[in-house]
Amino acid sequence: MDRKILVTRSSMPPYEEYIEAIKPLWESHWLTNMGMYHAQLENKLKSYLDVPELSLMVNGHMALEMAIQMMGFPEGAEIITTPFTFISTTHAIVRNHLNPVFCDVKMSDGTIDERKIEELITEKTAAIVPVHVYGNICNIEEIQKIADKYDLKVIYDAAHAFGIKYKGRGIGNYGDASVFSFHATKIFNSIEGGAVSFSEHKYYGKLYNLKNFGIQNEELVAAVGANAKMNEFCAIMGLCNLEHIDAALEDRKKQYEFYRQAVNEIQGIGLFEEKADATKNYAYFPIIVQEEYKRTRDEIYDLLKENDIHARKYFYPLTADQACFRNKYKNKNLDNARKLSGRILILPMYEGLELQQIANIMDIIRGG
Ligand SMILES: *Cc1c(COP(=O)(O)O)cnc(C)c1O
């Protein structure tokens, strides 16, 4: 193979488009602090994601932190969450002075196992923070039932679920809030960026305030906020990329189908179950290397690496097992999560990856 293949590559608009689009900034000198492009992107994303309300953020992580902070949970409250996720999910809980309680996941799709949530609830439980991991949609109905029964908030980490519709509605309509990431490595990027979607209008003002240091007016700081504002260069990158999102998804879809076909022909390599009532965004191509396969996940990972193909072990280790969290928080039974984490591999997929390259990747996995 003639060049290095990474697990992902950032989508970018044509150079001239971006350069043309940022020119007005040299007139206005307005570079950040909720500028006009910030407002434009907020509106366009609201409509693209089909959500009633949306607040842009500097990145997905701060969006998670702000979404959790705005709920005003008491310090030390327990948050039931999944360890099978990017470290950001757990960090956002802990950095809010809350205690994560790790719940196991389902082997069938890697999302939080809703049947195991209830046994983790105590009088300290304040919320559930599930993750639509790889765009696999959680069991929204069951999670909401539990939340209603115990009066808990539900904040979805929807960083992988950009653009997905569930039962005909944007995925960001479910729960009390959903958080998206527009990081350079995600299917839609604004270089760095993120957003919180929600339906209660009062959250818009809360988030606006929190992302701007809690400043209410020139002389009043009402809350301990942070600086989580998206700047105009990033907003413009988002606006440009959004113009091309359909083509980008179309390209990914082709790759996804090609991969799927090839994997289906291999005994011992599994895929996640798909939900019939959820659309797909083709954000990732995760495979599950079963015990009976002739090679382990790590062997496949190494073999690809020798060929300059860089797959990733997302998500291994579990966040609960990371040095900074190990043995600190409740994690009774994470058997499925640990099993999955030892078998999962994300294969390269990004706009512009050629089917021939995918065929080569699959040859290496299949080979010998
Ligand atoms: C990317 C990601 C985040 C964090 O988003 P950033 O924009 O990188 O800060 C949070 N959760 C999950 C599951 C992610 O994949």
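Counting starts at 1 for both ligands and their atoms, in listed order.
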Does Ala63 come within less than 4.0 angstrom of ligand 1, counting non-hydrogen atoms of the residue?
no

Does Lys186 come within less than 4.0 Å of ligand 1, judged by its heavy atoms?
yes

Which of the ligand 1 atoms, numbered from 1, are nearer than 4.0 Å to a heavy atom of [X]:
| X | value |
| --- | --- |
| Gly193 | 7 (O) |
| Asn59 | 7 (O), 9 (O) |
| Gly60 | 5 (O), 6 (P), 7 (O), 9 (O) |

Backbone or side chain, does any N or O of [X] fall under 3.5 Å from an N or O of ligand 1?
| X | result |
| --- | --- |
| Thr85 | no |
| Tyr284 | no |
| Ala159 | no |

I need the nearest protein heavy-atom contact for [atom]: residue, atom name and distance, please.
| atom | answer |
| --- | --- |
| atom 11 (N) of ligand 1 | Asp157 OD2, 2.7 Å |
| atom 5 (O) of ligand 1 | Ser181 OG, 3.2 Å |
| atom 9 (O) of ligand 1 | His61 N, 2.8 Å |
| atom 3 (C) of ligand 1 | Phe86 CD2, 3.7 Å |
| atom 10 (C) of ligand 1 | Ser88 OG, 3.4 Å |

Within 45° cone of Phe73 ring axis and under 6.0 Å: Lys153 NZ or CZ:
no

Take Asn227 and Lys229, measure what side-chain hydrogen bond (donor to acceptor under 3.5 Å, both in side chains) needs, and give me the verdict at the end.
CA-CA 6 Å; Asn227 181 358; Lys229 309 184 298 289; 3.0 Å; yes

Are the side chain of [X] and the backbone N or O of [Y] linked by a donor-acceptor pair below 3.5 Å?
| X | Y | value |
| --- | --- | --- |
| Glu232 | Met36 | yes |
| Asn189 | Ser11 | yes |
| Asn209 | Gly205 | no |

Taking atom types as modelled and ignoring hydrogens, do the side chains of Glu17 and His244 form a donor-acceptor contact shorter than 3.5 angstrom?
yes

Could you walk me through whether Glu250 and Lys253 satisfy the salt bridge (Lys or Arg N to Asp or Glu O under 4.0 Å) test, starting with their C-alpha distance in whole Å, then the side-chain angles of each, then the deciding distance to 0.1 Å, before giving a yes or no?
CA-CA 5 Å; Glu250 204 44 50; Lys253 181 178 179 190; 5.1 Å; no

Answer yes or no: is there a side-chain heavy-atom contact under 4.5 Å between Phe84 and Lys106?
no

Heavy-atom distances under 4.0 Å decide this one: backbone, side chain, both or neither, for His160 against ligand 1?
side chain

Taking all atoms of both residues into account, what is the closest heavy-atom pair of Gly367 and Lys294, and its distance?
O-NZ, 3.6 Å

